[in-house]
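Working notes for the structure below.
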Amino acid sequence: MTGGPTPAACSSRATSPRSSRHCARDDLVASVSHELRTPLTSVLGYLELAIDEDDHSERVRRYLDTALGSGERLLAIISDILLTSRRSRTSVEAAVHPREIDAVELVRESVLALGPVAADRVIKVSVTETGHAVVYADPGRLRQVIDNLLGNAIKFNRDGGAVDVTVSTDGEATTIAVRDTGVGIAAEDQEHVFERFFRASEDVAGNGLGLAISADIIKAHDGTLTVASDPGVGSTFTIVLPAHAETRTSR
């Protein structure tokens, strides 16, 4: 995946203006991400202390558990932003700990978590599956990717639109496809969507790192993340991962 200079290029005096801009953004993103980790770690610590108290109602405990889970995923995202800004695929791979899990369960958890966001825009989110679908993946990292794809499908959708997440497996590979009825992506932009800092327009909110991080995570699992889009109709992002350790593709 291209989209930015390597650390060696950043340290070179002969960098181009474009590379210099990428390096400056890398430095800024790494600095901000580093500064966010300390207060977030403190917040997570106090949430854990609160959860350990015995005088909570079941509803309050559920809220605290949800907040803790979301905070832990946010901490993982910040860590990945730091890794991505350093352009270290090796570090990303080292942070992935795959095991056999149920892809359908993971998708349903993500849909449940993002349900309120979709409801605000009257967007219907559905899951299409035929039953248990085993995938060999790190549950936290794969959940991060699914959250990103589902969040984008909602964000760039039309009010009253729809999102469908399809999960299927043939026993060797497991596929998760996120389809939306949103604005779509122009053909000339589709080849760049997984590049760091890429945004199709300056009007598009975000830092252009979400899909780049997602692509790195999927590659670290020996999987693929692809996009197909029709402007004005919608987009489909498709993850393909090994179903079991023995079917994991060797590099």
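Note: hydrogens, waters and symmetry copies are ignored here, and every other heavy atom, side chains too, is used. Bear in mind that the values here come from a model prediction, so they are computed numbers and not experimental data.
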Requested in this report: Would you list the pairs meeting side-chain hydrogen bond (donor to acceptor under 3.5 Å, both in side chains) in which at least one residue belongs to residues 166-177, sequence neighbours left out?
Outcome: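 Qualifying pairs: Asp164-Thr166, Thr166-Arg179, Thr169-Thr174.
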
Report task. Enumerate the residue pairs fulfilling side-chain hydrogen bond (donor to acceptor under 3.5 Å, both in side chains) with a member in residues 223-234, sequence neighbours excluded, ordered by first and then second residue. Result ->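 Pairs touching residues 223-234 that pass the test: Ser229-Ser235.
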
Value rounded to 0.5 Å, distance of [atom1] in [X] from [atom2] in [Y]:
X	Y	atom1	atom2	answer
Arg73	Leu68	CZ	CG	9.5 Å
Asp159	Arg121	CG	CZ	4.5 Å
Arg143	Ile217	CZ	CD1	13.0 Å
Ile51	Leu47	CD1	CG	6.0 Å

Report task. Output the rest of the hydrophobic cluster of Tyr46: all Ile, Leu, Val, Met, Phe, Trp and Tyr residues reachable through side-chain heavy-atom contacts under 4.5 Å, sorted by chain and number. Result ->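 Cluster partners of Tyr46: Leu49.
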
**Report entry** For Tyr136, the rest of its hydrophobic cluster, which grows through side-chain links under 4.5 angstrom
**Finding:**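 Besides Tyr136, the cluster holds no residue at all.
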
Under 3.5 Å, which donor-acceptor pairs link side chains of residues 101-119 to any protein atom two or more places apart or in another chain?
| from | atom 1 | to | atom 2 | distance (Å) |
| --- | --- | --- | --- | --- |
| Asp102 | OD1 | Val104 | N | 3.1 |
| Asp102 | OD1 | His132 | ND1 | 3.4 |
| Asp102 | OD1 | Ala133 | N | 3.3 |
| Asp102 | OD2 | His132 | ND1 | 3.2 |
| Arg108 | NH2 | Glu129 | OE2 | 2.9 |
| Ser110 | OG | Asp147 | OD1 | 2.5 |

Report task. For His56 and Leu64, indicate whether the former's side chain and the latter's backbone hold a donor-acceptor pair under 3.5 Å. Result -> no

Query raised in the report: Just by modelled atom types, is the Ala67 backbone N or O under 3.5 Å from a matching donor or acceptor in the Ser70 side chain?
Result: no

**Report entry** Set of residues satisfying side chain to side chain contact (heavy atoms under 4.5 Å, CB included) with respect to Asn148, sequence neighbours excluded
**Finding:** Asn152, Leu211, Ser214

Report task. State which residues pass side chain to side chain contact (heavy atoms under 4.5 Å, CB included) with Ala228; sequence neighbours excluded, sorted by chain then number. Result ->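 Checked Ala228 against side chain to side chain contact (heavy atoms under 4.5 Å, CB included); zero matches.
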
Close side-chain approach of [X] to [Y], heavy-atom, < 4.5 Å:
X	Y	answer
Ile218	Leu241	yes
Phe194	Val227	yes
Glu72	Leu44	yes

Requested in this report: For Glu100 and Val135, run side-chain contact (heavy atoms from CB on, under 4.5 Å): C-alpha distance rounded to whole Å, both residues' side-chain angles, the deciding distance at 0.1 Å, then the answer.
Outcome: CA-CA 6 Å; Glu100 291 188 3; Val135 62; over 6 Å; no

Requested in this report: Would you name the heavy atoms of Ala220 and Val96 that are closest together and state the gap between them?
Outcome: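 Smallest heavy-atom distance, with atoms named: CB-CG2, 3.9 Å.
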
**Report entry** Atom of Val178, atom of Ala153 and distance for their closest heavy-atom approach
**Finding:**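 Nearest heavy atoms, Val178 then Ala153: CG1-CB, 3.9 Å.
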
Report task. Please say which of Val127, Thr181, Asp180 ends up in a side chain to side chain contact (heavy atoms under 4.5 Å, CB included) with Val163. Result ->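 With Val163 as partner, Val127, Thr181, Asp180 yield a single side chain to side chain contact (heavy atoms under 4.5 Å, CB included), made by Asp180.
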
Query raised in the report: In chain order, what residues pass the side chain to side chain donor-acceptor pair (under 3.5 Å) check against Thr236, with sequence neighbours excluded?
Result: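 Checked Thr236 against side chain to side chain donor-acceptor pair (under 3.5 Å); zero matches.
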
**Report entry** salt bridge (Lys or Arg N to Asp or Glu O under 4.0 Å) contacts in which one or both residues fall within residues 49-64, not counting sequence neighbours
**Finding:** none

**Report entry** In one Ile/Leu/Val/Met/Phe/Trp/Tyr side-chain cluster, 4.5 Å: Val43, Leu74
**Finding:** yes

